[in-house]
Amino acid sequence: MTLQHRTSRSTRSTVSSAPARSRPRRVGAGLGVAIAAAVLLAGCAAGGQPAPSPTERAGADEPALTGELTIYAAASLSGAFDELAAQFETEHPDLDVVPITYDGSSVLATQLIEGAPADVFASADEKNMAKVLDAGLAESADDFATNVLEIVVAPGNPLGIEGLDALADGATTTADGRPATVVLCAPEVPCGAASQTLIQAAGLTLTPASEEQNVTAVLTKVKSGEADAGLVYVTDVKAAGDAVEGVEIANAADATNVYPLTALSAAPNPEAAAAFVAFVTSKAGQQVLASFGFGAP
């Protein structure tokens with residue numbers, strides 16, 4: 001799916017032309033035939049391959065990507081986008097991908113609308129991408145991944161949490177009789193909006209101990225023992241490895257988040273921005289995302 005705003009951006013291509021040759025002097029007929037034959041043989045050199053066309057020669061002359069590439073991406077993309085950026089730099093050694101700015105999608109969208117310079121924006125939902133498009137900062141966005149929520153708990157699941165209803169107020173207590181501490185993302189960020197969708201669909205009353213501005217903060221509180229459980233993406237649980245344990249949510253697919261990305265219209269490095277978007281949506285990019293647990297768009 002492609003989110004669109006106004007019309008598609010036009011692209012420019014520059015084709016360099018070779019300098020004109022001076023007119024050769026007339027030569028004898030026999031010598032002229034020999035020269036023509038030599039030219040023909042040269043054009044079919046190396047295994048009978050024809051000489052490259054002017055279009056092919058022009059494409060080969062296109063300049064390499066250089067400069068810096070600035071990316072704003074949802075916190076849940078940190079592992080995958082770090083890997084994508086590393087591969088992209090390997091393919092374009094003259095380009096430097098500056099350390100990626102990760103945060104809640106709503107936070108990033110606000111920063112961009114307020115004038116923060118960036119080349120690429122990747123959101124964890126379409127709602128916050130729409131804010132950027134409506135502000136005229138980009139003309140369209142491409143969906144590139146999907147994600148669903150999972151309950152994150154300490155290794156071994158010490159409280160025996162088996163589903164979303166165990167997170168409801170008073171449903172689960174610790175060994176010392178304390179109500180389980182649950183943390184969620186704030187409702188305005190994608191992981192929080194998805195959490196509220198699932199909680200409301202289940203008819204639960206769930207009062208979180210805190211509401212965080214990005215999913216990484218929720219995961220950190222559970223990893224550190226500050227919280228007993230939280231709702232994060234399946235990709236976050238996968239990336240945390242043995243530090244946490246995940247508990248599947250039966251109807252998690254009912255709150256699937258679709259991730260779009262775009263090359264911003266005022267990108268300081270528009271060529272690199274467009275190339276990175278193309279890389280993420282390519283087969284190679286999709287393989288990287290799948291390895292981190294993301295679903296196809």
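Along the sequence shown, the residues carry numbers beginning at 1. Computed from heavy atoms alone, side chains included, the values below leave out hydrogens, waters and symmetry copies.
- When each of Asn214, Thr216, Thr110 is paired with Asp103, the side-chain hydrogen bond (donor to acceptor under 3.5 Å, both in side chains) condition holds for Asn214 and for no other.
- Here the CD1-CG distance, from Ile100 to Asp82, works out to 5.5 Å after rounding to the nearest 0.5 Å.
- Gln286 places a side-chain N or O within donor-acceptor distance of the main-chain N or O of Phe144, the cut-off being under 3.5 Å.
- Within a 6.0 Å radius of CG in Asp176, more than 12 heavy atoms belonging to other residues, nucleotides or ligands are found.
- Residue Lys131 qualifies as enclosed at atom NZ: its count of foreign heavy atoms under 6.0 Å is above 12.
- Between the side chain of Asp228 and the backbone N or O of Thr181 there is at least one donor-acceptor pair closer than 3.5 Å.
- Thr235 and Asn147 share a side-chain donor-acceptor pair at under 3.5 Å.
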Under the criterion ring-ring contact (aromatic ring centres under 6.0 Å, His included), I'd like the reasoning laid out for Phe294 against Tyr259: C-alpha separation, chi angles, the key distance, then a yes or no. CA-CA 10 Å; Phe294 287 94; Tyr259 287 56; 5.5 Å; yes
Report the C-alpha distance between Asp125 and Ser105 in whole Å, list the side-chain angles of each, state the deciding distance to 0.1 Å, and finish with yes or no for side-chain hydrogen bond (donor to acceptor under 3.5 Å, both in side chains). CA-CA 8 Å; Asp125 69 350; Ser105 298; 4.6 Å; no
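- In this structure, the side chains of Leu264 and Val132 come closer than 4.5 Å at one or more pairs of heavy atoms.
- Using a 4.5 Å heavy-atom threshold, the side chains of Asp143 and Glu126 count as touching.
- The hydrophobic cluster containing Val232 does not contain Val234, counting ILVMFWY residues as joined when their side-chain heavy atoms lie under 4.5 angstrom apart, directly or transitively.
- In this structure, Thr174 and Leu159 have side chains that are in contact, with non-hydrogen atoms separated by less than 4.5 Å.
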Could you walk me through whether Val288 and Val280 satisfy the side chain to side chain contact (heavy atoms under 4.5 Å, CB included) test, starting with their C-alpha distance in whole Å, then the side-chain angles of each, then the deciding distance to 0.1 Å, before giving a yes or no? CA-CA 9 Å; Val288 170; Val280 172; over 6 Å; no
Distance-only criterion, 3.5 Å: show the donor-acceptor pairs between side-chain atoms of residues 185-198 and protein atoms not counting sequence neighbours.
residue: Glu188; atom: OE2; partner: Gln213; partner atom: NE2; Å: 3.1
residue: Ser195; atom: OG; partner: Cys191; partner atom: O; Å: 2.7
residue: Thr197; atom: OG1; partner: Ala193; partner atom: O; Å: 3.1

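- A donor-acceptor contact closer than 3.5 angstrom is absent between the side chains of Glu91 and Gln87.
- The main-chain N or O of Thr66 is found under 3.5 Å from a side-chain atom of Asn269 such that the two form a donor-acceptor pair.
- Side-chain N/O atoms of Ser210 and Glu212 include a donor and acceptor closer than 3.5 Å.
- Of all non-hydrogen atoms in Ala141 and Pro260, the two that sit nearest each other are CB-CB, 4.1 Å.
- By the 4.5 Å heavy-atom criterion applied to side chains, Glu89 and Asp96 are counted as neighbours.
- With a 4.5 Å cut-off on side-chain heavy atoms, Thr172 and Val182 do not count as touching.
- Counting only heavy atoms from C-beta outward, the side chains of Asp236 and Val218 never approach each other to under 4.5 Å.
- Val148 and Leu77 are assigned to two separate hydrophobic clusters, defined by single-linkage of ILVMFWY side chains at heavy-atom distances under 4.5 Å.
- When hydrophobic clusters are built by joining Ile, Leu, Val, Met, Phe, Trp and Tyr residues whose side-chain heavy atoms come closer than 4.5 Å, directly or via intermediates, Leu95 is grouped together with Leu261.
- For Ala85 against Val97, the heavy-atom pair with the smallest separation is CB-CG1, 3.9 Å.
- Taken together through direct or relayed side-chain contacts under 4.5 Å among Ile, Leu, Val, Met, Phe, Trp and Tyr, Val107 and Leu112 form parts of separate hydrophobic clusters.
- The nearest pair of heavy atoms linking Glu245 to Val237 is C-CG1, 4.2 Å.
- Leu184 contributes atom CG, which lies 11.0 Å from atom NZ of Lys221 (distance to the nearest 0.5 angstrom).
- For Thr205 and Asp169, the side-chain atoms include no donor-acceptor pair closer than 3.5 Å.
- Proximity of a side-chain donor or acceptor of Asp119 to a complementary backbone N or O of Thr70 within less than 3.5 Å is detected.
- Each of Tyr72, Phe276, Phe88, Phe121 was evaluated against Phe81; a single residue qualifies, Phe276, per the ring pair (Phe, Tyr, Trp, His ring centres under 6.0 Å) test.
- The heavy-atom pair separating Leu164 from Leu204 by the smallest distance is O-CD1, 3.5 Å.
- Taken from NE2 in His92 to CG in Leu69, the straight-line distance is 10.0 Å, to the nearest 0.5 Å.
- In terms of heavy-atom proximity, Pro297 sits nearest to Ala145 at CB-N, 3.8 Å.
- There is a path of hydrophobic side-chain contacts, each under 4.5 Å, that joins Val277 to Tyr102.
- Rounding to the nearest 0.5 Å places CG of Leu108 at 8.5 Å from CG of Asn128.
- Residues Tyr233 and Phe292 keep their aromatic ring centres 6.0 Å or farther apart.
- Contact record, Leu167 with Leu206: O-CG, 3.3 Å, taken as the closest heavy-atom pair.
- Once rounded to the nearest 0.5 Å, the distance linking CG of Leu231 with CD1 of Ile199 reads 5.5 Å.
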